[in-house]
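Notes follow once the structure below has been shown.
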There are 4 protein chains.
Amino acid sequence: MAAGSELFATKGYSSTTLDDITRRAGVSKGLFYQYFPSKEGLVFALQEKASREFAARVSAAAAARADWPGKLDAVVLVCFEHFTGGATHGGSLFQHLPGEIADPRGPDSSGHKAAHQHLVEVIGGLLHAGVAAGAYRIDDVEATALLFFTALHAFVRPLRHDDDSVSDARLVRAAQHLVRGAAGVSSAGVSSAGVPEVGVPTVGVDR
Amino acid sequence: MAAGSELFATKGYSSTTLDDITRRAGVSKGLFYQYFPSKEGLVFALQEKASREFAARVSAAAAARADWPGKLDAVVLVCFEHFTGGATHGGSLFQHLPGEIADPRGPDSSGHKAAHQHLVEVIGGLLHAGVAAGAYRIDDVEATALLFFTALHAFVRPLRHDDDSVSDARLVRAAQHLVRGAAGVSSAGVSSAGVPEVGVPTVGVDR
Amino acid sequence: MAAGSELFATKGYSSTTLDDITRRAGVSKGLFYQYFPSKEGLVFALQEKASREFAARVSAAAAARADWPGKLDAVVLVCFEHFTGGATHGGSLFQHLPGEIADPRGPDSSGHKAAHQHLVEVIGGLLHAGVAAGAYRIDDVEATALLFFTALHAFVRPLRHDDDSVSDARLVRAAQHLVRGAAGVSSAGVSSAGVPEVGVPTVGVDR
Amino acid sequence: MAAGSELFATKGYSSTTLDDITRRAGVSKGLFYQYFPSKEGLVFALQEKASREFAARVSAAAAARADWPGKLDAVVLVCFEHFTGGATHGGSLFQHLPGEIADPRGPDSSGHKAAHQHLVEVIGGLLHAGVAAGAYRIDDVEATALLFFTALHAFVRPLRHDDDSVSDARLVRAAQHLVRGAAGVSSAGVSSAGVPEVGVPTVGVDR
DNA sequence: CATGAATGAGGATTCATTCAT
DNA sequence: CATGAATGAATCCTCATTCAT
């Protein structure tokens, strides 16, 4: 699974051959097929795992902050790390957006949708709780959660210029601002007081 | 190009063969290679065309509204139509997100990024103008434009549940709300007064 | 051996995997290789067993009849049962005619030929005895025995139409007629007197 | 088709690879798949062709003889040549008896059965005509035709010992005798007078 | 006596691309 | 301007067999 995750992230699904995967994993091709029913099966396994881990991290990050605005910042941050992490950590597979792997089983039966949906629900849960607590003011929680999560895909590297004028730190800040705005949380005053700075990772992010 | 666009949208890039394309177009394979350097070349041509058309529609939609908040609503609407349109209109190719076509030439050389970037710049231009006119209040225009456009991908159908609880109309409204919030435009009072309703398409969208 | 016999008869030799066999037998693959040198080795064992049993049954059936014409009828009947039995009894493997298993070791090294030959010799023995007893009149005993036994393969089911116009009973009768004719035994008069009827199985054969 | 026919006859169906076939034919593998849907498809094509040719030869041989007993001898002779011919002429494929190729589509869907049946019908037609003409005396024409044709498979080489005591000439003679007997044609006196000798091929058959 | 994880050569099939006509 | 026969490298997957436990 590790070999597959890295290779898929590097070369893409269809350019990665079973030979690549098994050679990298140091096992025979036959062994691969004792653990996965097909190349696609590996992707599904990877997606499920990544999805579970990602959702857990998002929940944990939100729970770790006591203040409702801070919860939103934390979620943005976790997403940033996830989408930025690339092959190094397991989450990279989310970058395989629908269409590529869906082929064999008709239009988009991939696990991505399910995974996507799962995260959206986690975020929806947070927003609902915040609204119930009187901390957020959101008209349409479900729709907002979907938009929220989709927007955060802006972090995935290959979507941005290599020599991008928008640095990671700026993007994180803007995303936090956007999310707070959507949640009806006062953003301007508070965030300039230091919150975003706190949330911005000190490693791997340029100022 | 029409044949390719439809087929790619239906079956995905890698599952569509040159035979499929030329058979559908009613021409020989040799002829294909007189107009496109490769299968990938067709994708690039399609992307460029779609990108140009999409950008033009976005610009036109924004220009058609005199009020700055309305411009934002209009852009959201155009994106909704674009991402929702599927195979029927040329824009569908944007749904082929990076990774699938990038294969041959190393990590992500696809034209998608460029196209994506192009649209982001168009939106960035609008935001800049709005800020300059004193209508929008945005800290980081570039980052916000990127987030803005990325969020709108929430419209693409295969990302949502088939039996999705979030209807198109709700999603459009929430997106308009989100965007207005990010632009510092008063959204709550005004939009509930009727603005989003105006923008909501009367055909193909359920209430 | 039972698992192999059934599976070979059902799915054919090459489509049956060692996994199938050992799973069906409820043992490990390792254990298989302690009893048989190879997959092919199982076939040989099966063939030898079936051949021995078949030959024994043929001999016994012939011995059980005192009259020379009746011996011929009895042999035909045993062959009918054998070739018709399918997977249920061990003889089915004979249906794997040469070519399929011969592969690995050059043209036709299969045990089938030997088995075939064995039966031919048994039949040849009967014919010789009959000729010596003055009961049969056959010019070329060896050749006739070979033809005799080969002809009886007409019983194997998959060689006949599913909705075959030729019923089992008719085929048995015709075979007995043919064999008697080849042995120079008066067939018309005698058989109509009841002999073939006696031999026809009362179960599993339609009139 | 020629390459396939020869290789299948030599090495068997499953041991013959597409590489073998295309290399022998001097074409690329891709080209193969423009003419045949699969490896199995080649077999079907071969069988149909062989079946047609064989049936034509059998009919022609029967028609060439004016006397009814001679027609039977001629058919036997054609079958002898066919089953003996091996890879050299196209008919060899009949030796691929059911079971080997049938795999993918459930028990025995191969074209062999149909081909077999076709020949049986040709022979049945001859017997019927002979009976109608008062030349043959056969109780059950269909069953006899089936037995007749099946018996003639005794000619196929790999069914016989390499150092076979039964020579080709003897086998042909015995087969003619058998067939005549089954058709109620006086065989003993006449055939020993010289008829079989006439029919025995002068080339490729040992005395 | 028994297991089953591990192997890896080998096979059928696909498909973007070329080029003689 | 157009064809489509021909290519062949590359891919996913299978399965008989081994051997450490």
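In what follows, chains carry the letters A, B, and so on, assigned in the order in which the sequence lines appear, proteins first and then strands, with residues in each chain numbered from 1.
In this structure, Phe83(B) and His153(B) have tilted ring planes: the angle between them lies in the 30° to 60° band.
Side-chain atoms of Ser5(D) do not come within 3.5 Å of backbone N or O of Met1(D) as any donor-acceptor pair.
Contacts between residues 29-38 of chain A and DNA chain F, counted as heavy-atom distances below 4.0 Å, involve Lys29(A), Gly30(A), Tyr33(A), Ser38(A).
Nucleotide dA16(E) forms a Watson-Crick or G-U wobble pair with dT7(F), both donor-acceptor distances falling under 3.5 Å.
For dT3(E), the OP1/OP2 oxygens have a side-chain nitrogen or oxygen of Ser28(C) closer than 4.0 Å.
With rounding to whole Å, Ile21(A) atom CD1 is found 17 Å from dG8(E) atom C1'. Look at CG on Asp20(C): it is 12 Å from P on dT14(F), rounded to the nearest Å. Straight-line distance from the CZ atom of Arg23(B) to the P atom of dA5(F): 12 Å, rounded to whole Å. If you measure from atom CD of Glu40(B) to atom P of dC15(E), you get 17 Å, rounded to the nearest angstrom. Separating the CG atom of Asp19(A) from the P atom of dT14(F) is a distance of 15 Å, rounded to the nearest angstrom.
Within the cation-pi definition used here (under 6.0 Å to the ring centroid, within 45° of the axis), Lys39(A) qualifies as a partner of Tyr13(A).
Out of dG11(E), dA2(F), dT17(E), the shortest distance to the side chain of Lys39(B) is found at dT17(E). The listed nucleotides are dT17(E), dA6(F), dA2(E); the one nearest the side chain of Leu18(B) is dT17(E).
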